[in-house]
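Shown next, in structure tokens, is the structure this report addresses.
Every chain is numbered from 1 and lettered A, B, ... according to where its sequence line falls, protein lines coming before strand lines. No experiment lies behind these values; they were computed from the predicted model shown.
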There are 2 protein chains.
Amino acid sequence: MTSLSESGMPRKRPTMKNVADLAGVGVKTVSRVINQERYVSADTIARVMRAAEQLQYQPDVQAGNLRRADRRTDTLGLLVGSVANPFSAAVHRAVEDAAIQRHVAVFASSLDDDPERERASVEAFLRRRVDGLILTTIQRSQAYLGPQLEQGMPVVFVDRKPNGLIADTVLTDNLEGAARGTRHLLAAGHRRIAFLGDSEEIYTAKERKRGYLDALRLEGVAPDPRLVIENLGEEAQAELAVNELLALDDPPTAIFSAQNLITIGAIIALRAQGASERVALVGFDDVPMASLLSPAVTVVAQDPSAIGAIAARRIFERLDGESEPARDFIVPTRLIKRGSGEIRPA
Amino acid sequence: MTSLSESGMPRKRPTMKNVADLAGVGVKTVSRVINQERYVSADTIARVMRAAEQLQYQPDVQAGNLRRADRRTDTLGLLVGSVANPFSAAVHRAVEDAAIQRHVAVFASSLDDDPERERASVEAFLRRRVDGLILTTIQRSQAYLGPQLEQGMPVVFVDRKPNGLIADTVLTDNLEGAARGTRHLLAAGHRRIAFLGDSEEIYTAKERKRGYLDALRLEGVAPDPRLVIENLGEEAQAELAVNELLALDDPPTAIFSAQNLITIGAIIALRAQGASERVALVGFDDVPMASLLSPAVTVVAQDPSAIGAIAARRIFERLDGESEPARDFIVPTRLIKRGSGEIRPA
DNA sequence: CTGAAAGCGCTAACAA
DNA sequence: TTGTTAGCGCTTTCAG
């Protein structure tokens, strides 16, 4: 057993020099062994390894990278809404899985829709010389990243298009996904379909609304402005919105909710009003435990794992020299029919 | 607009020397300004700031820390089950919130119950010279961290007690929580209460089982070994286990499920058997959307945010010089009555 | 208040 | 196959 209290003065960490002295070789030889370069005799390798083992030597990557030609830190910065949010967490996980294969570690940071925090986090990443950046942004403009792009740092935007600069972007097919969900309700016979969306400022929200409107138009259904409620930030607001909708003279027979938390708010409200078996509901973005609710919730699911994987792949491609112009990667959605979206109008 | 394709040769990043030259001062003066040291004239500060601004200078923390006395990297390593798992994600978020206040960035890594990955991740953290480590471990022994502890690196274990060394640990009160959940079922009149647990190797699983058994014993109920099913790793296994239980001649009237996914498996099975309104269920660890299920799920909730916050606080205390012996921090649970746990025996 | 020189731990370039 | 020297970008030390 080793404990903190037993230890005397904290020993200094062993350096490459220490290992070299103990092994009776020069530092560069140790460096060669540690980095598995060629042209070292088996015997020398063994001696160095033994010395390193004995001293519990851990190479210092920061010091190494300081002189190394490419100055890579084998580090990535990931900025998401919140690491505690399931969508972000899935993106994070996918990025991590891609990164670990290249021995790259990832810094993750939550920004909580706070523009101040976006800048602060990005600067913190930059000071730490991350090799690349994967960002969900909130700021009005990302032009402040221009210099990094020019210096050749790979930057991939995720889930939102950047403003003020051109860079690789990975996006859910919000437009088609929302249209698809809406079409699904139209196909079930609904004509009065409400739209619940979040802040009009958010790119994804705008796209989803557009998809909803497009689908209606294509079917020759005139959108009713009273059925379109936006700027719903959280569950409680969505609940209120649904209550209002149901109180209309000619209430909607179906609801398309364009975001996760809004869908949950809608479920709560529909249930409280005893309308959950009567009013159809399709949500954009999957909801946890959706299949265990009654009715089970039909959703247009995003694929956060794919988003994270594509973003990471792109970063590494660019790090490996890919230099084609910035591109948008569109990730398709998947309609998951579970019940709530298959309710027909009375 | 700035784009990748417009840029010519990637320019080299500006260094402190560049700023110094542009401002017409020595490097040390720039260093003083950047680090906000005293004894620099207001005029000089202004000149340096202007030059830094103009060159878009970003200090390189790695280079700085190389020579700095305390050798801090302002970096933390966090190892959790999976960043995509809600419990871990909440811990992560709490750690991040504490870290950001001190301008500390956190590396998060998922270990997926893979001992190999545990070692690899910890080594990756160590090579990057993190200032501290917050770990959910899986390996049989963590003795390999002994040298780090001796060197004075703060290490806090979370959710599991380490083996082979003594270090600060933050734990849910598994024993009392499980006992509490079990007592809740006993108080409702149940005498045949099943226990569903995961791998017997896991510390928390052992504690929860002990809590269950203690509660039964204290009430004078002899535990029936046929009602105790362990080593349930995932939902599907839990479902099978519940099916077996319900097929007994004298089936349980209540179930205490000792883990998240197991609880979900139990819900699915009970519902499939039409038993969810008849057999009581209390789960350890909260379940997403629990209050929207029917019946809503009664749980003994953990407090992952508190766990993360305490772990981070401890790391920083130690970094600030605290040297008291390693301690266990026990985080209480909370019984949330929602319905499934209040069903009485027939 | 300011700057020159040394050196942090490592790798690049070159020499042996 | 191995070692030596310089230098990465910064902070420390110490002298102006």
- Scoring nucleotides 5-14 of chain D by protein non-hydrogen atoms under 4.0 Å (B base, S sugar-phosphate only, - none) yields --BBBSBB--
- Interface limits on DNA chain C, where chain A has a heavy atom under 4.0 Å of a nucleotide atom: C:dG9 to C:dA13
- B:E118/B:R160 ion pair, N-O < 4.0 Å: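 Salt bridge between B:E118 and B:R160, a charged N being under 4.0 Å from a carboxylate O: no.
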- Query: Any idea which heavy atoms bring B:F87 and B:P304 closest together, and the distance?
  - Reply: O-CB, 3.6 Å
- Scan residues 57-80 of chain A for pairs that pass salt bridge (Lys or Arg N to Asp or Glu O under 4.0 Å), counting only residues two or more places apart or in two chains. A:D60-B:R71, A:D60-B:R129, A:R71-B:D60
- Would you say the side-chain atoms of A:S88 pair up with the backbone N or O of A:V80, donor to acceptor, closer than 3.5 Å?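 Not a single qualifying donor-acceptor pair exists.
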- To the nearest 10 degrees, how far apart in direction are the end axes of the helix from C:dC1-D:dG16 to C:dA16-D:dT1, each fit to five base pairs? 30°
Distance (rounded to the nearest 0.5 Å) between [X] [atom1] and [Y] [atom2]:
X	Y	atom1	atom2	value
B:L79	B:L111	CG	CG	4.5 Å
A:S305	A:R93	OG	CZ	9.0 Å
B:E317	B:L319	CD	CG	11.0 Å

- Message: Going by side-chain contact (heavy atoms from CB on, under 4.5 Å), name the residues that satisfy it together with B:V331, two or more places apart in sequence or in a different chain.
- Response: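 B:V331: side-chain contact (heavy atoms from CB on, under 4.5 Å) contacts with B:V170, B:D303, B:A306, B:I307, B:I310.
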- Message: Run the ring pair (Phe, Tyr, Trp, His ring centres under 6.0 Å) test against B:F107 and tell me which residues pass, sequence neighbours left out.
- Response: A:F107
- Can a side chain N or O of A:T44 be found less than 4.0 Å away from OP1 or OP2 on D:dT2? yes
- Can you check whether A:S41 has a side-chain N or O nearer than 4.0 Å to OP1 or OP2 of D:dT2?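 Yes.
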- Message: Within the 3.5 Å criterion, strictly below it, is a donor on B:T73 or B:D131 matched to an acceptor on the partner's side chain?
- Response: yes
